[in-house]
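Values below: every heavy atom of this structure, side chains too, minus hydrogens, waters and symmetry copies. Please read these numbers as outputs of a predicted model, since none were measured by experiment.
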Amino acid sequence: MTFKLREGVFTAETDYGIALLDEDRDQYWTLNPTAALALRTLLDGGTEADAARKLSEEYAVDIGTAHRDVRELVGQLHSAGLDEGERGRSAHDRWPHGRARRAGRKRR
């Protein structure tokens, strides 16, 4: 299954990885370079196994650890309601119960 961010969530490349911007909730998350590589792979149509393989090659991490890291990333993004699969749930159902790290909020 292809991983997709839900409508209203955008990516922005940064010097340190990727920022995910949730325009609907005025929130953002930052992903470090390893998580950014995994997310780019998934958004480009790759599988979790593809993302784990790329992590293992790029960062010389064992494949088992890479698989766990990718599964955890996908789970955190899902728990935070950032993927398409969460469209029908309310913000209360998603946050803060997920383990995704929230980097901050946009200031008004």
Minimum-distance pair of heavy atoms, taken over all atoms of [X] and [Y]:
X     : Y     : value
Gly45 : Thr2  : CA-CG2, 4.4 Å
Asn32 : Thr34 : OD1-OG1, 2.8 Å
Lys4  : Leu43 : CA-CD2, 4.3 Å
Ala52 : Ala66 : O-CB, 3.4 Å
Ala35 : Leu73 : O-CD2, 3.7 Å
Asp24 : Glu7  : OD2-O, 3.6 Å

So, taking the atom named [atom1] in [X] and the one named [atom2] in [Y], what distance separates them when rounded to the nearest 0.5 Å?
X     : Y     : atom1 : atom2 : result
Leu39 : Leu5  : CG    : CG    : 6.0 Å
Thr41 : Glu48 : OG1   : CD    : 11.5 Å
Leu82 : Phe3  : CG    : CZ    : 7.5 Å
Thr11 : Leu21 : OG1   : CG    : 8.0 Å
Thr47 : Leu42 : OG1   : CG    : 8.0 Å

Given side chains that start at C-beta, do those of [X] and [Y] come closer than 4.5 Å, heavy atoms only?
X     : Y     : answer
Trp29 : Asp22 : yes
Ile18 : Glu13 : yes
Gln76 : Arg71 : no
Asp83 : Arg6  : no

Margin query: As a quick check of understanding, evaluate side chain to side chain contact (heavy atoms under 4.5 Å, CB included) for Thr30 and Thr14, giving each step before the final call.
Written below: CA-CA 9 Å; Thr30 56; Thr14 66; over 6 Å; no

Notebook entry, point to check: Would you say Asp62's side chain and Gly64's backbone share a donor-acceptor pair under 3.5 angstrom?
Noted result: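 Yes.
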
Next item on the list: Any chance you could lay out the side chain to side chain donor-acceptor pair (under 3.5 Å) test for Thr65 and Arg68, step after step, and finish with the verdict?
Entry: CA-CA 5 Å; Thr65 299; Arg68 281 189 302 276; 3.0 Å; yes

Next item on the list: Before giving the answer on side chain to side chain contact (heavy atoms under 4.5 Å, CB included), spell out for Tyr28 and Leu20 the whole-Å C-alpha distance, their side-chain angles and the decisive distance to 0.1 Å.
Entry: CA-CA 5 Å; Tyr28 71 92; Leu20 295 175; over 6 Å; no

